[in-house]
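Each chain gets a letter, A, B and so on, in the order its sequence line appears, and its residues count up from 1.
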Number of protein chains: 2
Amino acid sequence: MIDYIILGFLLDKEMTGYDIKQKINVSTANFYDASFGSIYPALKRLEAQKLIVSKKSIKKGKFKNIYHILNLGRQTFLDWVKEPLVLHQSRNEYLLKIFFYRYLSKEDVVSRITQFIKLLLEYKANLVKIEPLVASQADFFQLSTLRYGLDSYQFLIDWFQQYLITIDQEYSKPE
Amino acid sequence: MIDYIILGFLLDKEMTGYDIKQKINVSTANFYDASFGSIYPALKRLEAQKLIVSKKSIKKGKFKNIYHILNLGRQTFLDWVKEPLVLHQSRNEYLLKIFFYRYLSKEDVVSRITQFIKLLLEYKANLVKIEPLVASQADFFQLSTLRYGLDSYQFLIDWFQQYLITIDQEYSKPE
DNA sequence: TAGCGCATGTAATATGTTACATGATTTC
DNA sequence: GAAATCATGTAACATATTACATGCGCTA
C-alpha cells in the first residue's frame with residue numbers, strides 16, 4: 001500500500017524520499033504511517049517497474065534523488081483509487097485484552113479503562129491542535145479524513161465512558 | 001499477539017490447534033483473526049518455551065496434539081492482560097483512498113461511499129445475527145467486545161451517511 | 001563545535017497469510 | 001461414494017519496522 005501513497009503524492013509534485021516521509025507525517029500518519037525503511041525500497045521498486053523515475057540532483061556536495069511520476073504510475077494510482085472501498089477489519093489489541101478481562105479484578109478493569117480514556121483524550125487533543133494547519137492546506141477530502149479521526153476518537157471516548165458506567169452497574173466479578 | 005490468544009484460550013481448557021482456530025472464528029475473529037499457518041507454529045514455539053505442553057492422542061488412527069497451559073504460560077498471559085490498554089492506530093485503507101478522492105468525479109465518490117455504507121450494513125447485520133448465540137455463551141466482557149463491534153459499525157454507518165450529505169451540499173469538484 | 005535537520009540506504013527482525021500437501025472420519 | 005469436516009504441518013511470499021550506518025550543511 002505504501003506504493004499508492006507515494007504515487008498519490010508524486011502525482012501532485014516531484015519529491016525525494018525524505019519529502020514523502022515529511023508529507024506522510026503531516027497528513028496521513030494518523031491512519032497510514034510509513035518509515036524510511038519502507039519508503040526507500042518502495043521508491044526503488046517503483047522505479048524498476050517504470051511507474052516513477054528519479055533525477056539525481058547534486059547541490060553543495062549533497063545529493064538527492066528526486067522522483068517524478070510516469071504515465072504508468074499515474075494510471076496505476078488512478079485504477080487503485082477508483083476501486084471500491086473495502087473494510088479490512090484490522091487487529092485490535094485493546095479489544096483482545098478486554099475480551100479476557102474476566103481475569104482482572106473490577107478495580108483493575110476500571111483503572112485500565114479510565115487510563116485508556118485519558119489516552120484517547122490526548123490523541124484527540126493532538127488532532128484538534130493540528131486541525132487549523134491542516135484546514136489551511138488540505139482539500140475537502142483530506143480535511144475530511146482529519147474530521148473522521150476526530151469523530152472516531154470522540155466516539156471511542158463516549159463509548160468507553162458509557163462502558164465504565166455499565167461495568168459499575170451491571171458487572172460484579174464472581175470471586 | 002497470536003501467542004496471547006492461544007494462552008488465553010488454553011487457560012480455560014485444553015485444546016488442539018484446530019479447536020483454537022474454531023474458537024477464534026466464533027469469538028475474536030472480528031477484531032483478531034488468525035490462520036492455521038500462524039497457530040501451529042505458535043503452538044510449537046510456546047511449547048519450546050515451556051509455556052504450554054502437548055499430549056499426543058491417537059484415536060481411531062487419527063492423531064491429535066492436545067495442548068495444556070503451564071504455570072509459566074499462565075503467568076505470561078496474566079502479565080500481558082494486566083498491561084495498560086494501548087491504541088495502535090492501524091492502517092486504514094479506505095481512509096487512504098478517500099484522502100485522494102479529489103481525483104474522482106463527484107458521481108464516482110458518491111457511488112463508492114454509498115457502496116461502502118451497504119458493506120457496513122452487511123457487516124453489522126452479520127454481527128446482529130450471531131449476537132444471540134454469543135450472548136448465550138460469552139461472559140460480560142466477551143459480549144461487550146461484540147457490542148463494541150455493533151456500535152462501531154453503527155458509528156461508521158452514521159458517519160458516512162452524514163458524509164454523503166456533506167459532499168452533496170458543500171463539495172463541488174473543480175473541473 | 002555540538003547538535004539538529006536533511007538525506008539516503010541496508011540488514012536483521014517481526015509477524016503474519018496463502019497455498020500447498022496429506023489423510024482420516026463423518027455425513028448426506 | 002462424494003463432499004464436508006477434522007486435523008496437522010511446511011514453504012513461499014508479503015509487508016513492514018527498528019536499528020544501524022553514513023555524511024553534509026546550518027545554526028546556536
Colleague: How close or far is atom C1' of dT18(C) from atom CD1 of Ile39(B), stated in whole angstroms?
Modeller: 14 Å

Colleague: Which listed nucleotide (dG9(C), dG5(C), dG9(D)) is nearest to the side chain of Phe63(B)?
Modeller: dG9(D)

Colleague: From the list dG9(C), dT8(D), dG16(C), which nucleotide is the closest neighbour of the side chain of Tyr32(B)?
Modeller: dG16(C)

Colleague: Please determine if a side-chain N or O atom of Ser38(B) lies less than 4.0 Å away from the OP1 or OP2 oxygen of dT17(C).
Modeller: yes

Colleague: What's the CZ-C1' distance between Phe36(B) and dC20(C), to the nearest Å?
Modeller: 15 Å

Colleague: Taking atom P of dG9(C) as reference, at what distance in whole Å does atom CG of Leu43(A) sit?
Modeller: 8 Å

Colleague: Is it true that Asp19(A) and Lys23(A) make a salt bridge, defined as a side-chain N closer than 4.0 Å to a carboxylate O?
Modeller: no

Colleague: Would you say the side chains of Thr16(B) and Tyr67(B) form a donor-acceptor pair under 3.5 Å?
Modeller: no

Colleague: Any base atoms under 4.0 Å from Arg45(B), or only sugar-phosphate, or nothing? Heavy atoms, all strands.
Modeller: nothing

Colleague: Using atom CD of Glu14(B) as one end and atom P of dA7(D) as the other, report the distance to the nearest whole Å.
Modeller: 13 Å

Colleague: Grab the CD-C1' distance between Glu93(A) and dG16(C) for me, whole Å please.
Modeller: 15 Å

Colleague: Using 30° and 60° as the class limits, which term best fits the ring planes of Tyr94(A) and Phe116(A): parallel, tilted or perpendicular?
Modeller: tilted

Colleague: Please work out whether the ring planes of Trp80(A) and Phe77(A) are parallel, tilted or perpendicular, with thresholds of 30° and 60°.
Modeller: tilted

Colleague: Could you check whether Gly17(B) gets within reach of a base, just the sugar-phosphate, or nothing at all, counting any heavy atom under 4.0 Å?
Modeller: sugar-phosphate

Colleague: OP1 or OP2 of dC6(C) less than 4.0 angstrom from a side-chain nitrogen or oxygen of Gln22(A), does that happen here?
Modeller: yes

Colleague: To the nearest Å, how far apart are Ile5(A) CD1 and dT15(D) P?
Modeller: 13 Å

Colleague: Out of dG9(D), dG16(C), dT8(C), which has the shortest distance to the side chain of Asn65(A)?
Modeller: dT8(C)

Colleague: Would you tell me if any nitrogen or oxygen in the side chain of Thr16(A) comes within less than 4.0 Å of OP1 or OP2 on dT8(C)?
Modeller: yes

Colleague: Ile2(A) has an atom CD1; how far is it from atom C1' of dA14(D), in whole Å?
Modeller: 15 Å

Colleague: Any chance the side chains of Asp158(A) and Gln162(A) put a donor and an acceptor closer than 3.5 Å?
Modeller: no

Colleague: Can a side chain N or O of Arg91(A) be found less than 4.0 Å away from OP1 or OP2 on dT15(C)?
Modeller: no

Colleague: Measure from the side-chain heavy atoms of Lys44(B) and tell me the nearest of dT18(C), dG9(D), dA16(D).
Modeller: dG9(D)

Colleague: Rounded to the Å, how far apart are Met1(A) CE and dA14(D) P?
Modeller: 12 Å

